[in-house]
Amino acid sequence: MSAAQDETKGARVVDVLAPVAVDVTYSYLAPPALGLEPGDSVKIPLGAREAYGVVWSVEKTPSPRSNLKTVTARLERPTLSQKLRDFIDWLARYTLTPRGMALRLATRAAEDAAPDAARLLYRATGSKPERLTPTRARVLEAAEGGMSFAKKALAEAAACSSGVIDALVDEGAIETIAAPPEPVAAALDPDFTAPVLEPAQQVAAEALTQAVHARAFKPFLLEGVTGSGKTEVYFEAIAAALKDGGQALVMMPEIALTAQFLERFAARFGEKPAEWHSGVSERKRARIWRGAATGELSVVAGARSALFLPFRHLRLIIVDEEHEGAYKQDDGASYHARDMAVVRARFEDAAIVLTSATPSIETRVNAERGRYGHLRLHARAGSRPMPILDPIDMRVEGPQRGRWIAPRLALAVGETIARGEQALLFLNRRGYAPLTLCRDCGHRFRCTQCDAWLVEHRFRRALVCHHCGHTERRPDTCPECGAEDALAACGPGVERLAEETATLFPDARILVLSSDFPGGAERLRRELDEIAKGAFDIVIGTQLVAKGHNFPLLTLVGVVDADLGLGSGDPRAAERTFQLLNQVTGRAGRGDKPGRALIQTFQPEHPVIAALLSGDAEKFYAQEIALRERAGLPPFGRLAALIVSGKDAATAEAHARALARAAHELPRSPRYRVAALGGLPDADEIMMLGPAEAPIGLIRGRFRYRLLVKAPRGADVQAFLRDLIAAAPKERGGVRVQIDVDPQNFM
DNA sequence: CTCAGTGACACT
DNA sequence: GTGTCACTGAGA
């Protein structure tokens, strides 16, 4: 018997899933000594390189095959539980993502999880260095008493750089000792602070704690207006999970929101939870990943990707602000984190709580039909009253031409700031003006890449495409007719609104909050702090201001254009507008004094605006749900978006057309309809949904078109999509299809 | 004829 | 995802 045969004799065959864009597992020989079980991580040869993979199954009766490669080694990583592996398989199938890519979502953080490099501590040995400079003396003095310090701490204490310490180590005056790795997060105390709950909160909290203790899958919608105390309620559910020795995951839509949350959490549980988002260092994420797997970590608060952490005993998931669009992931695997969280909870036999002041339609329907428990907090905690809403009919009492603030709104702002209170003007449009045209020849500035109007950004002296990001300098003369000083800005953006506000209130301290201003989350946090301290009288903001930030001094909200977004042809336009305006107007009010919101609109009788003004959310939900049901829109019909991309607009469009053609040639139930949401004007086989408004975005250097597939409830839209992708023409390269399923009915 | 750039393809 | 290979067009 040869040595090679000897080696393979008795070897087992394992099926390994590698984190690559492949849907199948690969089989490898595994030395029995490794004792591999499903969920174990292994090092494997893959093509020309070494990769890692996760054992998905161990073949009981391996069929004889030649040419199998052999697992190189076992990786010291926590085992991925059966529950997590099932979830990965499910998600891959549901989102039409290769399973390897789904696996990668769950293991990417572990790629950096080198076993913790020993942290080095420094302490004095007692021996003196050859040359004792004043700086060195300071270091030795600081290190006196046998205490050991982190290098950085010691350097800081001695006010020197770490180089000095290195030199002292070389000369033997300082020694290094290995320290145990720092714990990822401190232990949490479920009884650190006794909760103070109002009766309605108490009822909801009890329902949740019961569900957590039951250790079974149970979804809830926790619905309550801004300030009704939803957080305190779900803190009790977290406390219940902790008392049972379980883990909890809190998902947040925005990084900017986490800071505030962490503070409140620490006040309730004594310590902050582990924080998980793209801003956290890779090294730290790797440790959180391990901490979740070992059970050492009990609560993680984070963004979408936290959903894939390998929790050991997950008892509870919270999805905060469940209606937020930020839960939708679009590049790579595309999934809706809120819905996938529900599925994860099902696999983990955990409770899950979706919270919102303005739930999404699908969640409301699920709650109303009894699939989710429905917990409601009607009043604001501490009896803070709801703001008073007041429409301004722009047809009757609008501002003069070229102005955007109606006299009555201006008056209200003036009174508010005269009382030393804050006013917020809300306009969901970045930049100075959404359209620039030439008064002489009528030329309109359009994006050369995707045909959308270019938005003027006056601060930057630029014209920017909000669709694809294309930017050009704003010229002084018309590029069409050469006329000078003939370019006119049409319509308002926040920058222009700031200009008008400054003219109306020259002495007011005005701040514009817009996501495109430089400085990022850091600056935003600082500015929000300053607002809370009263450093500004008038805040002008885009939808950024709707996202759950606290404005304690705000008493007046002016919605400058409530109609914006209602006519966009997006099937979710009504829902989005209602949510946005509700969140924004809900910011008004201080203490027990009701706030006031003035709403400028050209169509006060529009169902969405009317429902908003009536303050009756029930009315809105009832009418929107009825409408969706009639139109077969989600959640009553299934909508999937195929995102087709190409290296330039023309290629992308060609691919989109080819795919649409393939869709119509595919044998299928006539109940499927494939539509282009704008942008494919003469393709007669394509049903148009909404106006053509160039739905292309430039993402990572590629142009994207969006095609919609609509299928009624019960239809196997995934099977259709799978066939469609298979039938998609692959010639000339670059048909990349991403499926963005609006997932319904997956339970 | 070489070389960088682009895609298609396979990976057990 | 990533390494390899074939093919292309530009330049020596």
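Source: prediction; values computed, not measured. Within every chain, numbering begins at 1; the chains are lettered A, B, ... in the order of the sequence lines, protein sequences first and strands thereafter.
In this structure, A/D23 places its CG atom 15 Å from C1' of B/dA10, rounding to the nearest Å. Taking atom CG of A/L46 as the reference point, atom C1' of B/dT12 lies 8 Å away to the nearest angstrom. The separation between A/L17 atom CG and B/dC11 atom C1' is 13 Å, rounded to whole Å. One atom, CD of A/E50, and another, C1' of B/dC11, lie 14 Å apart when rounded to the nearest Å. Taking atom CE of A/M101 as the reference point, atom C1' of C/dT2 lies 10 Å away to the nearest angstrom. Across the protein-nucleic acid pair, A/E59 atom CD and B/dT12 atom P stand 15 Å apart, rounded to whole Å. The distance between atom CZ of A/R49 and atom P of B/dC11, rounded to the nearest whole Å, is 12 Å. Look at CG on A/L103: it is 15 Å from C1' on B/dC11, rounded to the nearest Å.
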message: Determine whether A/Q82 and A/D86 satisfy the following criterion, side chain to side chain donor-acceptor pair (under 3.5 Å), listing intermediate values before the conclusion.
response: CA-CA 6 Å; A/Q82 176 80 52; A/D86 288 346; 3.0 Å; yes
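Within 6.0 Å of atom CD in A/E282, 12 or fewer heavy atoms from other residues, nucleotides or ligands are found, so the atom counts as exposed in its surroundings.
Of the possible donor and acceptor atoms, none in the side chain of A/D40 sits under 3.5 Å from a partner among the backbone N and O of A/T79.
Here B/dT12 is the nucleotide among B/dT12, C/dG1, C/dT4 with the atom lying nearest to any side-chain atom of A/Y26. Checking C/dG1, C/dG3, B/dT12 against the side-chain heavy atoms of A/A21 singles out C/dG1 as nearest. For A/L68, the side-chain atoms get nearest to B/dT12 when compared with the rest of B/dT12, C/dT2, C/dT4.
The residues A/E324 and A/R338 are annotated as not salt-bridged, no charged nitrogen and carboxylate oxygen being separated by less than 4.0 angstrom.
Across all strands shown, B/dT12 has no partner, as no Watson-Crick or G-U wobble contact with both distances under 3.5 Å is found.
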